[in-house]
Trainee: 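Questions regarding the structure given below will be posed in turn.
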Amino acid sequence: MTGTLGLLRFMLRRERRGLPWWLLGVALLWLTQSGQSQNLYGTPEDLAELRSTAEGNAAVVVMNGPARLLDSIGGEIVFEMFGFVAVVLALMNIFMVGRQTRGDEETGRAELIRSARVGRRAPLAAALALAGAADLAAGVIVCAVVVATGLPVGSSVLLGAATAVVPATFAALTAVTAQLFESARSVYGSAAALLGGAFALRAAGDAGSGALSWLSPIGWGQRIYPYVADRWWPLLLPLAAIAVLTTMAVALLDRRDFGHGLVAPRPGRPVASAAFSNAYGLAWRLQRTALTGWLAGLVLLGLAYGSMGDSMQQYVDDHPEIAEFLPGGAARVLDSYLALTIALSALIASAYGVSSVLRTRGEETSGHAESVLATRTSRLRWLAGHLSVTLAGTTLALVAIGLGEGVAYALSVSDATQVPRVVGAALAYLPAVWSVAAVGVLAMGWLPRAAAAAGWTVVGYCAIVSLFGDSFDLPGWTRAASPFDHTPQVPLDALDAAPLVVLTLITGALLAAGYAGLRRRDIGY
Amino acid sequence: MNASPEVALRVSALSKSFGRVTALDGLDLTVTTGEVHGFLGPNGSGKTTTIRILLGLLRADSGTVSMLGGDPWRDAVDLHARLAYVPGDVTLWPGVTGGEVIDLLGRMRGRPDRRRRDDLLEMFDLDPSRKARTYSKGNRQKVALIAALASDVELLLLDEPTSGLDPLMESVFQQCIQEVRKQGRTVLLSSHILAEAEALCDRVSIIRRGRTVETGTLAELRHLTRTSITVETRDPITGVETMPGVHDAVLETRHARFDVDTAQLEAVVCRLAPLGVRSLTSTPPTLEEMFLRHYGADPADGGAGGAS
Ligand SMILES: Nc1ncnc2c1ncn2[C@@H]1O[C@H](COP(=O)(O)OP(=O)(O)OP(=O)(O)O)[C@@H](O)[C@H]1O
Ligand SMILES: [Mg+2]
């Protein structure tokens with residue numbers, strides 16, 4: 001354990017760029033949710049009504065948690081936020097602990113550290129202490145934020161404790177998987193899969209008898225029922241889990257060699273498959289894992305949006321005054337809802353597009369492109385290989401959104417024809433999503449070092465214009481610069497092909513210009 | 001492709017800068033077909049930059065380059081079918097196995113030779129089924145080497161190909177290059193390992209700060225350096241220290257120690273002979289000394305040798 005404190009300080013320094021954003025994001029989520037919920041469901045009648053709608057809609061319970069939370073306004077906020085924030089903070093813990101333990105071991109950085117006067121268990125202890133401190137900070141912040149919005153202090157402290165302890169379970173869990181696997185990716189992957197499992201158990205339990213929820217740390221946190229029953233004893237479950245998992249991690253650590261895992265990595269193919277023989281095969285191989293992850297996330301998001309559609313309709317039916325604020329009026333509540341959620345998801349698809357272009361640029365900076373471009377593969381072919389993933393991947397991303405949302409919505413209204421309709425509406429955003437990715441390609445061609453900044457700036461810009469364009473009353477030209485603003489908001493608007501054709505042509509021009517830049521510049525810088 | 005068949009590649013007055021850093025400053029290099037040409041120079045002298053220009057990855061600022069009768073920038077793809085490259089900094093895709101990398105690069109280059117690949121895997125004792133992230137530095141280097149050596153090409157561009165290899169593997173590598181030479185193929189070999197250069201290279205070029213300082217066979221280069229002399233005479237020694245080509249002289253009446261440029265050795269010995277030489281030891285320059293001199297001192301001022 002020698003050197004733990006010094007290491008902890010060093011780790012804090014390394015995390016200082018990322019950690020504040022996680023905490024700030026969580027604080028903002030609670031702040032907005034608390035304000036919004038207290039506005040919408042200010043009276044007990046509103047709450048009771050919400051509870052009866054929610055109990056009748058399995059999808060809402062599956063996404064959020066046990067309907068019993070809806071007995072008080074504080075509980076309602078926990079109902080909407082806790083599961084989601086617990087997943088976000090659990091991911092923060094998984095990445096933090098994985099990076100500081102196995103990640104460092106994999107890159108060889110840990111070897112340097114261990115050769116100093118640092119004990120064998122010190123990196124693990126420091127990583128867990130770091131995660132614990134971050135979780136504690138998150139708990140205090142969440143408690144302070146909800147108290148500031150007017151919720152009772154005692155229950156808020158319980159909520160804060162749950163916010164700290166539930167995600168910390170996943171830090172301890174990652175400490176275990178970090179001993180099992182040799183590659184950091186397997187560590188993240190297995191811990192994230194278990195997190196997914198915990199969410200699924202909670203969802204199945206809440207939709208059914210509730211028994212399965214007791215197998216999930218997220219379920220434990222919700223069963224504290226802050227603001228409703230204020231039970232403290234479910235906190236003991238995650239605490240016990242943390243103790244058991246940490247002991248297990250230390251025991252496993254003592255039984256393994258440095259740099260190795262307890263699960264031997266599977267041997268790979270000694271000979272490449274026939275598909276792995278050119279720029280296309282390479283690009284798909286390199287990007288397929290990330291693409292699968294994005295697609296899975298987008299399908300889930302689509303399912304969540306789609307499952308809420310019907311309740312949205314009911315809610316507006318019950319509160320006709322709200323319909324005034326909707327672009328299509330009361331008659332077209334659902335179409336406005338679908339159009340809005342699809343537009344939001346399309347922004348996420350464009351973020352995927354940019355990340356895929358930047359992966360291409362990463363091939364260059366890491367030196368991998370050099371080996372490929374020293375063969376008969378031309379720059380055009382190399383770029384085309386990666387672009388084929390970007391363009392097809394963004395198409396699949398929109399299909400995933402449409403399928404998720406379409407299927408969930410079709411199920412809730414028992415109307416299968418909604419599936420192709422929603423998929424089609426999502427695909428209307430394809431030219432806009434492509435054009436954003438194409439700006440990334442243009443930057444990669446001419447300003448390679450600024451490509452990441454340029455790509456993310458465009459995504460951020462489009463997001464701001466789409467999300468706040470109306471409420472901030474932005475001038476017309478700022479909106480016109482976003483390709484999303486030119487995309488008809490299907491199914492609310494009619495499909496108009498002209499802007500889509502123009503956007504596709506612009507995409508083509510940007511890609512050609514990007515290639516022209518790539519062709520004439522040095523590779524690798 | 002109309003250049004003289006004798007010359008595999010010719011570079012003249014090549015310059016390249018990265019912003020304010022001048023990497024190449026009028027570099028000349030000629031490699032004849034069928035030779036193994038050593039490309040030596042201190043860290044940061046521009047070897048990797050030159051090879052990247054030869055591959056068409058970087059664009060030269062000025063100067064002319066012709067390789068296998070073509071222009072590396074314009075005809076990159078056609079030329080790449082005829083050459084293989086081992087980068088100085090081998091980075092492999094972490095999730096791809098060594099065998100897959102070798103196959104991929106072979107197929108991308110064209111005409112992969114499965115038999116040769118398997119032979120090389122055996123010679124270099126590499127397990128092709130491991131993911132690249134689990135390879136040690138030496139094993140990563142082997143992957144790049146096997147990928148290059150397995151292909152049937154006219155020209156090999158090797159940038160420090162043996163960094164990280166153990167002595168056993170180093171000797172396997174040397175065997176492979178001897179074989180390549182026998183087949184009449186051309187090799188440009190950048191290296192910091194002098195024994196390797198001595199064992200393999202027909203000719204070497206030494207570059208410093210982006211400029212070629214010497215080119216020739218190792219024997220020719222040795223001739224350009226200094227011999228250490230210790231001498232004892234019957235009569236007092238005078239005037240030797242001021243002779244051209246004599247350096248670092250320490251004189252004690254009848255006893256002297258100095259270094260002399262090998263080209264001036266004859267004149268100095270003639271001067272000493274009439275003084276009645278009682279004893280004389282001369283130490284020819286070791287390869288290391290020779291390189292230290294070329295790497296460390298500025299050749300233009302003919303100053304004292306040794307790494308500074
Ligand atoms: N992308 C770059 N940006 C700025 N400077 C660079 C870049 N690439 C190379 N240089 C500089 O160019 C010079 C030559 O570098 P180069 O890599 O060609 O040297 P080298 O002879 O291969 O050295 P080594 O023996 O260490 O491999 C160095 O001063 C280096 O710092
Ligand atoms: Mg180099």
Side-chain angles (χ1 to χ4, degrees), chain A residues 105-108 181-186 259-261 264-283 285-290 359 362-382 385 449 519-525, chain B residues 16 18-19 49 51-59 73 76-112 114 117-118 121 127-134 137 143-144 147-148 151 157:
Chain A
E105 234 172 280
E106 194 182 47
T107 55
F181 300 105
E182 260 186 48
S183 87
R185 267 174 59 163
S186 309
H260 291 262
R266 265 181 305 134
R269 295 173 141 275
V271 179
S273 69
F276 196 57
S277 61
N278 56 31
Y280 294 91
L282 175 65
R285 167 77 179 270
L286 295 177
Q287 296 201 39
R288 68 184 176 195
T289 316
R359 179 73 174 80
E363 278 293 286
E364 205 192 330
T365 45
S366 62
H368 298 153
E370 186 173 311
S371 300
V372 172
L373 291 172
T375 69
R376 248 176 16 185
T377 305
S378 65
R379 294 185 184 197
L380 179 60
R381 232 177 126 70
W382 175 76
R449 283 182 229 221
R519 221 177 77 158
R520 53 175 292 290
R521 71 171 172 83
D522 291 347
I523 291 294
Y525 304 100
Chain B
K16 171 79 189 171
F18 300 101
T49 306
I51 294 177
R52 286 195 173 133
I53 290 175
L54 292 175
L55 286 164
L57 295 170
L58 302 183
R59 186 174 212 162
W73 179 264
V77 174
D78 293 333
L79 292 177
H80 291 172
R82 300 162 64 194
L83 62 82
Y85 167 54
V86 173
D89 226 334
V90 177
T91 60
L92 305 174
W93 299 280
V96 179
T97 66
E100 286 178 306
V101 173
I102 293 168
D103 289 344
L104 175 74
L105 293 178
R107 291 171 189 176
M108 283 178 149
R109 198 171 283 128
R111 291 171 294 150
R114 184 66 199 274
R117 163 204 194 266
D118 291 343
L121 278 172
D127 175 359
S129 64
R130 302 218 353 230
K131 297 264 169 82
R133 75 163 67 82
T134 68
K137 162 126 178 63
V143 171
S151 49
L157 298 176

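No experiment lies behind these values; they were computed from the predicted model shown. Proteins get letters first, then strands, A, B, ... in listed order; numbering begins at 1 in each.
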Trainee: Counting only heavy atoms closer than 4.5 Å, note whether Arg133(B) contacts chain A via side chain, backbone, both or neither.
Mentor: side chain
Trainee: Sequence neighbours excluded and cut-off under 3.5 Å, please list the side-chain donor-acceptor pairs for residues 93-101 of chain B, or say none.
Mentor:
| from | atom 1 | to | atom 2 | distance (Å) |
| --- | --- | --- | --- | --- |
| Trp93(B) | NE1 | Glu363(A) | OE1 | 2.7 |
| Trp93(B) | NE1 | Glu363(A) | OE2 | 3.3 |
| Trp93(B) | NE1 | His368(A) | ND1 | 3.3 |
| Thr97(B) | OG1 | Arg269(A) | O | 2.6 |
| Thr97(B) | OG1 | Glu100(B) | N | 3.2 |
| Thr97(B) | OG1 | Glu100(B) | OE1 | 3.2 |
| Glu100(B) | OE1 | Arg285(A) | NH2 | 3.2 |
| Glu100(B) | OE1 | Thr97(B) | N | 3.1 |
| Glu100(B) | OE2 | Arg285(A) | NH1 | 3.0 |

Trainee: Are side-chain heavy atoms of Ile102(B) and Leu121(B) found at a separation under 4.5 Å?
Mentor: yes
Trainee: For the residue pair Met108(B) and Ala279(A), what are the closest heavy atoms and their distance?
Mentor: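 Nearest heavy atoms, Met108(B) then Ala279(A): CE-N, 3.5 Å.
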Trainee: Check whether Ala81(B) gets within reach of chain A through its side chain, its backbone, both or neither, counting any heavy atom under 4.5 Å.
Mentor: both
Trainee: Report the option among Ser371(A), Gly367(A), Ala374(A), Ala369(A) that has the most heavy-atom pairs separated by less than 4.5 Å from atoms of chain B.
Mentor: Ala374(A)
Trainee: To the nearest 0.5 Å, what is the distance between CG (Leu58(B)) and CD1 (Ile53(B))?
Mentor: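 CD1 of Ile53(B) is found 5.5 Å from CG of Leu58(B).
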Trainee: In Å and rounded to the nearest 0.5 Å, what is the CZ to CZ distance from Arg521(A) to Arg379(A)?
Mentor: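 Rounded to the nearest 0.5 Å, the CZ-CZ separation comes to 7.5 Å.
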Trainee: Leu373(A), Leu282(A), Asn278(A): which one forms the most heavy-atom pairs within less than 4.5 Å of chain B?
Mentor: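 Heavy-atom pairs under 4.5 Å are most numerous for Leu282(A).
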Trainee: Less than 4.5 Å apart, side chain to side chain, heavy atoms only: is that true for Glu370(A) and Arg52(B)?
Mentor: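 In contact.
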Trainee: Which bit of Thr289(A) is near chain B, if near means a heavy-atom gap under 4.5 Å: side chain, backbone, both or neither?
Mentor: neither
Trainee: Using a strict 4.0 Å threshold on nitrogen-to-oxygen distance, state whether Asp103(B) and Arg117(B) make a salt bridge.
Mentor: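 Result for this pair is yes, salt bridge flagged.
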Trainee: Looking at CZ of Arg376(A) and CG of Leu105(B), how far apart are the two atoms once the value is rounded to the nearest 0.5 Å?
Mentor: 13.0 Å
Trainee: So for Leu92(B), is it side chain, backbone, both, or neither that comes closer than 4.5 Å to the heavy atoms of chain A?
Mentor: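 Contact with chain A: backbone only.
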Trainee: So which of Lys131(B), Lys16(B), Arg130(B) has the biggest tally of heavy-atom pairs under 4.5 Å with chain A?
Mentor: Lys16(B)
Trainee: Side chain, backbone, both or neither: which part of Thr134(B) has a non-hydrogen atom closer than 4.5 Å to chain A?
Mentor: side chain
Trainee: Does the pair Glu106(A)/Arg185(A) count as a salt bridge with the N-to-O cut at 4.0 Å?
Mentor: no
Trainee: Heavy-atom cut-off 4.5 Å, strictly under: side chain, backbone, both or neither for Ala274(A) against chain B?
Mentor: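 Only the backbone of Ala274(A) comes within 4.5 Å of chain B.
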Trainee: Do any of residues 84-91 of chain B come closer than 4.5 Å to chain A, heavy atom to heavy atom, and if so which ones, in number order?
Mentor: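 If one takes a 4.5 Å heavy-atom cut-off, the residues of residues 84-91 of chain B near chain A are Tyr85(B), Pro87(B), Thr91(B).
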Trainee: Do the side chains of Leu83(B) and Leu55(B) get nearer than 4.5 Å, heavy atoms only?
Mentor: yes
